[in-house]
Amino acid sequence: MNTAVVGLQWGDEGKGKIVDLLTSEHDLIVRYNGGANAGHTVVVGGKKYALHLIPSGILSQEKTCIIGNGVVVDPEKLLEEIQSLRDRDVPVGQNLLVSNRAHVVMPYHKEQDAALERVLSAAAGKQGKNHSIGTTKRGIGPAYADKIHRSLSIRMGDLLDPEYLAARLEVICAIRTKELDALGVETPPLDPAELTRSFAAMGEQLRPHITDTIYTLHEAVQQGRSILFEGANACLLDIDHGTFPYVTSSNCSTLGIPAGTGVPGRHIDQVVGIMKAYTTRVGEGPFPTEETGETGNQIRERGNEYGTTTGRPRRCGWLDLVAVRYSAMICGVTSLACMLLDVLSGFDELKICTGYQLPDGTVTDRFIPDGYRLPQAKPIYETLPGWPEEIVSTTDRDELPTNAKAYLERIEQVTGLPISLVSVGPDRAQTVRMDTTTAGFSH
Ligand code: GDP
Ligand code: IMO
Ligand code: MG
């Protein structure tokens with residue numbers, strides 16, 4: 001049984017926790033998109049791990065973790081992550097494979113990313129409108145842009161061939177220096193010799209991990225071994241299907257799996273859609289159910305809603321089921337995991353958005369995947385009663401407060417999907433299995 005785990009909102013839904021839980025039922029865990037912009041948290045027995053590039057399955061022994069060809073890899077960050085895991089006695093060796101076709105995030109990509117954001121927000125001063133995206137400044141957009149542009153990109157396999165790397169960097173540095181200059185970056189010209197030296201050295205360190213992962217995956221499929229695909233970022237940040245241009249630069253929906261791993265979609269047997277019991281977003285972009293006052297603060301503080309990668313406070317608001325239902329449709333979700341339900345304890349009333357009102361007065365239950373048009377939509381809410389009880393120690397669905405059960409049932413009704421799992425705290429153990437017969441949550 002091959003499973004995909006994917007975020008249905010704007011990221012940070014708790015994918016890391018679910019991937020870690022599902023790892024025991026799979027043999028290989030594969031990242032297919034994004035890069036070090038992701039921050040996936042796994043908490044095991046009080047120990048907290050934050051994974052950025054390495055699949056969350058790495059914490060389980062005897063599993064093969066793969067960074068697929070669709071990921072953009074920052075080798076420096078990857079080596080740091082490997083070291084920090086080893087420092088905590090998590091073995092990282094042949095259990096981690098990196099596609100030789102994954103594109104490399106270079107230092108100049110991070111400079112470009114930050115500089116473009118600076119230029120865009122400075123331009124906002126004159127126009128009164130901020131056009132910056134609020135990126136993680138991890139060089140993601142510029143690295144994917146180079147991939148699509150072709151002529152200036154470097155792939156992980158290239159790091160193993162210093163002669164070829166040097167020749168590429170000679171051309172790239174000449175062009176990139178001028179581009180950085182145009183963006184107002186005051187740095188000395190890029191030095192191809194220095195970059196070749198440092199990236200070839202990192203390539204040498206990563207050599208044991210770099211391979212043709214497409215064959216590894218297809219051999220696994222043939223042998224009947226099971227694969228868990230770990231989505232990074234989330235469906236509403238998908239470059240094609242998210243709130244463009246306030247998105248990331250990859251196909252983070254499950255539609256990115258075939259291209260980002262080389263495994264055809266027909267091998268994906270089930271898709272677990274991860275959703276928070278409310279909504280959060282980091283960075284710029286529309287968020288119809290955002291609560292900028294007391295309610296938002298209460299959610300942020302109870303949910304500790306601060307970014308795993310950048311530490312930025314996350315914007316918080318009510319659950320938007322128009323958005324979740326849309327993402328579930330795009331991703332082919334077969335069951336839902338509803339995360340952070342514990343955060344909603346103590347609210348007298350809870351709101352769920354089930355439709356949008358448009359400027360002409362019409363009402364729609366369709367999402368508007370467009371960064372400039374979505375702000376015109378006003379959420380239409382249903383109000384449900386809250387529950388005062390803390391539920392962080394609940395592991396049995398029958399022990400959930402009646403109003404919490406009603407909240408979950410309403411989610412199932414509106415989305416038309418079963419909730420197979422409810423999370424009531426960050427730890428592996430703080431999990432309520434709703435349907436023990438659903439494949440993937442059977443243990
Ligand atoms: P991801 O990017 O989707 O893996 O999610 P993040 O790790 O960025 O953010 C989710 C945060 O919520 C992390 O700090 C988790 O430890 C935490 N978390 C996950 N599930 C729960 C839950 O059910 N309740 C609470 N209170 N925290 C949770
Ligand atoms: P995980 O996997 C939340 C957001 C950024 C920004 C936009 C573009 O932890 O859920 P980028 O650096 O990718 O060019 O930024 O996308 N973003 C995320 N937000 N969680 C993530 O990943 C994100 N990855 C990107 O905040 O708004
Ligand atoms: Mg995250």
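Counting starts at 1 for both ligands and their atoms, in listed order. Note that the coordinates shown come from a computational prediction; the quantities given were computed from them, not determined experimentally.
When you scan the N, O or S atoms of Asp12 for the one nearest the Mg ion (ligand 3), you land on OD1.
Which parts of ligand 2 touch Lys15 is read off a 4.0 Å heavy-atom cut-off, strictly below it: atoms 1 (P), 2 (O), 10 (O). Of all atoms in ligand 2, listed by their number and element, those nearer than 4.0 Å to a heavy atom of Ile133 are 8 (C), 27 (O). With ligand atoms numbered from 1 in the order given, ligand 1 contributes 23 (O), 24 (N) to contacts under 4.0 Å with heavy atoms of Val424. The atoms of ligand 1 that sit less than 4.0 Å from any heavy atom of His40 are 1 (P), 2 (O), 4 (O), 7 (O). Annotation for ligand 1: atoms under 4.0 Å from non-hydrogen atoms of Gly16 are 4 (O). Near Arg314, meaning under 4.0 Å from any of its heavy atoms, are these atoms of ligand 1: 8 (O), 9 (O). For ligand 1, the atoms lying closer than 4.0 Å to a non-hydrogen atom of Ser423 are 20 (N), 21 (C), 22 (C), 23 (O). If you number the atoms of ligand 2 from 1 as listed, the ones under 4.0 Å from a heavy atom of Gly283 come out as 27 (O).
Of all the heavy atoms of Thr41, the ones lying under 4.0 Å from any atom of ligand 1 are found in both the backbone and the side chain. Contacts between Ile274 and ligand 1 below 4.0 angstrom, taking non-hydrogen atoms only, are absent altogether. Here Gln9 has no heavy atoms under 4.0 Å from ligand 1, in either its backbone or its side chain. Residue-level proximity to ligand 2 for His40 is carried by the side chain, the only part with a heavy atom below 4.0 angstrom.
Side-chain atoms of His103 and Asp146 include no donor-acceptor pair closer than 3.5 Å. Residues Ser121 and Ser132 bring no donor and acceptor atom of their side chains to less than 3.5 Å of each other. A side-chain donor from one of Ser423 and Lys17 sits under 3.5 Å from a side-chain acceptor of the other. Side chains of Thr3 and Gln270: a donor on one and an acceptor on the other come within 3.5 Å.
Between Ala232 and ligand 2, no pair of N/O atoms sits closer than 3.5 Å. Residue Lys17 has no nitrogen or oxygen atom sitting less than 3.5 Å from a nitrogen or oxygen atom of ligand 1, judged on distance alone. By the 3.5 Å distance cut-off applied to N or O atoms, Gly14 is counted among the residues near ligand 1. Checked against a 3.5 angstrom limit, the closest N/O atoms of Ser249 and ligand 2 fall outside it.
The shortest contact between atom 8 (C) of ligand 2 and any protein heavy atom is with Val247 O, 3.4 Å. Ranking protein heavy atoms by distance to atom 6 (C) of ligand 2, first place goes to Gly134 O, 3.2 Å. For atom 10 (C) of ligand 1, the closest non-hydrogen atom of the protein is Asp12 O, 3.7 Å. Closest protein heavy atom to atom 2 (O) of ligand 1: Gly39 O, 2.8 Å. Distance from atom 15 (O) of ligand 2 to its nearest protein heavy atom, with residue and atom name: Thr135 CA, 3.4 Å. For atom 19 (C) of ligand 1, the nearest protein heavy atom (residue, atom name, distance) is Pro426 CA, 4.1 Å. Closest protein heavy atom to atom 12 (O) of ligand 2: Thr136 OG1, 2.5 Å. If you check which protein heavy atom lies closest to atom 27 (O) of ligand 2, you get Val282 O, 3.0 Å. Nearest protein neighbour of atom 19 (N) of ligand 2, counting heavy atoms only, is Trp10 O, 3.6 Å. The closest protein non-hydrogen atom to atom 24 (N) of ligand 2 is Asn233 ND2, 2.9 Å. The nearest protein atom to atom 27 (N) of ligand 1, hydrogens excluded, is given as Leu340 CD2, 3.4 Å; this is a heavy-atom distance. Of all protein heavy atoms, the one lying nearest to atom 24 (N) of ligand 1 is Asp342 OD1, 2.8 Å. For atom 18 (C) of ligand 2, the closest non-hydrogen atom of the protein is Leu237 CD1, 3.5 Å.
Residue Asn33 is tested with Asn251, Thr261, Asn233 for a side chain to side chain donor-acceptor pair (under 3.5 Å); the sole match is Asn233. Checked options Ile352, Leu350, Thr289, Asp320; the residue passing with Tyr381 is Thr289 (criterion: side-chain contact (heavy atoms from CB on, under 4.5 Å)). Each of Lys110, Arg138, Lys137 was compared with Asp74 under the salt bridge (charged side-chain N to carboxylate O under 4.0 Å, His left out) criterion, and only Lys110 meets it.
More than 12 heavy atoms of other shown residues, nucleotides or ligands fall within 6.0 angstrom of atom CZ in Arg410. Within a 6.0 Å sphere centred on CG of Asp87, other residues, nucleotides and ligands contribute more than 12 heavy atoms. Heavy atoms of other residues, nucleotides or ligands lying less than 6.0 angstrom from CD of Glu76 number 12 at most. The number of heavy-atom neighbours closer than 6.0 Å to CZ of Arg366, taken from other residues, nucleotides and ligands shown, is 12 or below. Other residues, nucleotides and ligands contribute only 12 or fewer heavy atoms inside 6.0 Å of the CZ atom of Arg373.
Salt bridge annotation for Lys276-Glu13: absent, with no cationic side-chain nitrogen under 4.0 angstrom from a carboxylate oxygen.
Within the model, atoms CE of Met434 and CG of Leu408 stand 5.0 Å from one another, a figure rounded to the nearest 0.5 Å. Residue Ile67 holds its CD1 atom at 10.0 Å from OG of Ser99, rounded to the nearest 0.5 Å.
The closest approach between a heavy atom of Gly7 and any atom of ligand 2 is not below 4.0 Å. Residue contacts with ligand 1 include Gly425, since one of its heavy atoms falls under 4.0 Å from the ligand. By the 4.0 Å heavy-atom criterion, Arg312 is counted among the residues contacting ligand 2. The closest approach between a heavy atom of Ala234 and any atom of ligand 2 is not below 4.0 Å.
Both the sub-6.0 Å distance and the 45° axial angle are not jointly satisfied by Arg314 relative to the ring of Tyr306.
The shortest heavy-atom contact between His40 and Ala38 is NE2-CB, 3.8 Å. What you find for Gly332 and Thr254 is that their closest heavy atoms are N-OG1, 4.5 Å.
Gly39 lies close to the Mg ion (ligand 3), since one of its N, O or S atoms is found at a distance under 2.8 Å.
Using bins of under 30°, 30° to 60° and over 60° for the plane-to-plane angle, the ring pair Tyr372/Tyr246 lands in the perpendicular bin. Using bins of under 30°, 30° to 60° and over 60° for the plane-to-plane angle, the ring pair Trp10/Phe287 lands in the tilted bin.
The heavy atom nearest to atom 11 (P) of ligand 2, out of those in Ile239, Asp12, Thr248, Asn33, is found in Thr248.
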